[in-house]
2 protein chains.
Amino acid sequence: MITLKQLAKELNVSISTVSKALNNSDEIGKETIKRVKELAEFYNYKPNKVALSLKQNKTKTIGVIIPDILNYYLAKVLFGIEREASEYGYNIITCISNESLEKEKESLQLLANGSVDGFILSLAKETQIKGEIAHFNRTIESGLPIVMFDRVAHDVICDKVIVDDFEATYNATKNLLAEKRKQIAFISSIDSLSVGKLRERGYIKAISETTTHQPLLLKMSNKKECSKKIKSFFKKNKTIDGIIAADSASGIISVNTAVNLGLSVPKNISVIAFGSKSVSYHSIPQLTTIRQHAKKIGSIAAQQLIKRLELKNAEKMEVTTKIVKTSLVKSKSTL
Amino acid sequence: MITLKQLAKELNVSISTVSKALNNSDEIGKETIKRVKELAEFYNYKPNKVALSLKQNKTKTIGVIIPDILNYYLAKVLFGIEREASEYGYNIITCISNESLEKEKESLQLLANGSVDGFILSLAKETQIKGEIAHFNRTIESGLPIVMFDRVAHDVICDKVIVDDFEATYNATKNLLAEKRKQIAFISSIDSLSVGKLRERGYIKAISETTTHQPLLLKMSNKKECSKKIKSFFKKNKTIDGIIAADSASGIISVNTAVNLGLSVPKNISVIAFGSKSVSYHSIPQLTTIRQHAKKIGSIAAQQLIKRLELKNAEKMEVTTKIVKTSLVKSKSTL
DNA sequence: TTGAAAGCGCTAACAG
DNA sequence: CTGTTAGCGCTTTCAA
């Protein structure tokens, strides 16, 4: 990489002249500016990012910590974050906590050495189970703002972007009830997550408000066993005619299993699941899904963080919690 | 963030003494080291990464440019890269080219300003179609090594990590032939990618070596239309009894569509597709898959780059191309 | 209109 | 054993 120093030497001017010329300072003569710019162009000069960061005490880099990059939803949020950030000239450093509290702490710690200006993150499963939040507070106190999305720690005072999980399943369940379904079950493989619990509560509320039958729940911890568990669940409960699935895998497997058992979807049984468009193609008939607008969540989170970073007296800015509304996209697995 | 300067002031010693003490220099007295470390601990001192990078002229950061983060396979490679990199104390800055040549160039350009020590990348679709490679060569000439994986530019001289795509479909096709399948088709929605072409060629070779029937190809550009196209393809070609799918979506949809049309899988028709374990659950019966060991590809790519970065005279190190062998994991969609 | 010098936080050669 | 100094690449005040 070519430096100002080298340019200055070759042009027989001082470093500061070159710097000013490249920044179009009106202190510098037109002729000089032209000469400098030409040579810079010739050598494809780019100001060294590290030096700039050191000087200006900000890196234009955001640390993103996500629990699982193989989760389609989380990957999509990341996509949204990246796009928005790069729009504003920010880079993102990605760390994957792999659902581990330890790795989450470590990443936070590691990047808090001047590598990033702030964080966007979603809590690791283990963090949610153990309820630890001290590491977040420490980070915020040290001057690095955090924006949390989806799986958030309510007790930490910071900006948050969440989904209306409770309402989403509440409405979805109501929707199946409106189809005159009599026995609606809730299937989840994300029971340990805050969002999983919210979704369950939305379902339970709708059921207990409207019907007399008990909520019917199938909760699984292991994705591997989903197929078997769902199959035996269906066999045991022959009267089920509706499914609310808290995650897309459960939804897809429910439809495919029902069809496989000779049930007609949606004639005998309707299925609604959290999930994206592309995953909806994985079942025949195609799955009716609750869309979370993951990209939007990502871009809102990025906007929020950048706004705070570029504010003069950021402390004075109140923290906000933005709720991104889901939409129910009807397809072929419901009436 | 607390700095050496502040520590030095509070301890009434010089900055360099503090620096040396923290680095356990034997120039410094035991007692002093102890005092310094205690205070550093107390303030939770962390050396400023940016200053270190500037001083040492390396960032311990890798730029990763991937075409599509929502592609499960690519996300998994990213996972492998991240894990390996963090093992060696490297961070990764992720850019998503979104299959666009322009964005790919831009990211490369942008990070070549001292932000990263080198790159790991897979080519954007557009880059492969247009065959542009100048931007890669420029980057390498400027001293930043590149490791390419999966979708590589053969004409660029750099380290590469690839999959034995050709052999994989060749062997998979042979496998179906060994099942006495008479009419095996090849279905792909990634025709424009280098790997897509290799996979097709492997299939064609196996077919033309062994049978007299013409290769039977269904190539789609639009994922959206997959379901319809596959359905009409099946209806038109009633004698098909085997499928090799170049991508997992095609495979999943093939199985589900076949079942839906009343065919028995694998009795009437066998299906093999490129894909991961988790995607194999999305069809009933479960899909037989060609596994690419994405995480391994990621970690090998990271290892290779880091090795080159930490070598003294890296130019002298020959470039290598590593081939990661696929494995055929049999499940319920084949005999 | 241009240049010299200081400083961002750190390391390391050299001096004391 | 400890301190002074220079320098990584850049911006910016102040002086010429």
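Quick note on labels: first sequence line is chain A, next is B, and so on, each numbered from 1.
- Residues from residues 50-61 of chain B that place a heavy atom under 4.0 Å from any atom of DNA chain C, listed by number: B:Ala51, B:Leu52, B:Lys55.
- Less than 4.0 Å separates DNA chain C from at least one heavy atom of each of the following residues of residues 17-25 of chain A: A:Thr17, A:Lys20.
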I'd like to know whether A:Gln109 forms a side chain to side chain donor-acceptor pair (under 3.5 Å) with A:His135, so could you lay out the CA-CA distance, the side-chain angles of the two residues, the decisive distance to 0.1 Å, and finally the verdict. CA-CA 8 Å; A:Gln109 183 77 23; A:His135 52 307; over 6 Å; no

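- Side chain to side chain, A:Thr94 and B:Thr94 meet the donor-acceptor criterion of an N or O pair below 3.5 Å.
- For the pair B:Arg138 and B:Phe136, the cation does not sit on the ring face, since its NZ or CZ is not both under 6.0 Å from the ring centre and inside 45° of the axis.
- Comment: B:Glu87 does not engage B:Arg83 in a salt bridge, judged by the lack of any side-chain N to carboxylate O separation of less than 4.0 angstrom.
- With contacts defined as side-chain heavy-atom distances shorter than 4.5 Å, the pair A:Leu121/A:Ile66 does not qualify.
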Can I get a per-line list of side-chain donor-acceptor pairs under 3.5 Å for residues 28-38 of chain B, giving both atom names and the distance, sequence neighbours left out?
unit_1, atom_1, unit_2, atom_2, d
B:Arg35, NH2, B:Leu11, O, 3.0
B:Lys37, NZ, B:Asn24, OD1, 2.7

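- A:Asp26 places its CG atom 14 Å from the C1' atom of D:dT12, with the value rounded to the nearest Å.
- First and last contacting nucleotides of DNA chain C toward chain B (any atom under 4.0 angstrom from a heavy atom, 5' to 3' order): C:dC8 to C:dC14.
- In this entry the distance linking CD1 of B:Ile15 with P of D:dG7 reads 17 Å, nearest Å.
- Every residue meeting the salt bridge (charged side-chain N to carboxylate O under 4.0 Å, His left out) condition with A:Asp159, not counting sequence neighbours, appears here in chain and number order: A:Arg308.
- Rounded to 10°, the angle separating the first-five-pair axis and the last-five-pair axis of the helix from C:dT1-D:dA16 to C:dG16-D:dC1 equals 60°.
- Contact check, B:Ser16 against D:dT4: no side-chain N or O comes under 4.0 Å of OP1 or OP2.
- With 3.5 Å as the limit, one finds a donor-acceptor pair spanning the side chains of B:Thr17 and B:Ser14.
- Between A:Arg151 and A:Glu99 there is a salt bridge, since at least one side-chain N of the basic residue sits less than 4.0 Å from a carboxylate O of the acidic one.
- When the P atom of D:dG7 is taken as reference, atom CG of A:Asn48 falls 18 Å away, rounded to whole Å.
- By the 4.5 Å heavy-atom criterion applied to side chains, A:Tyr73 and A:Val163 are counted as neighbours.
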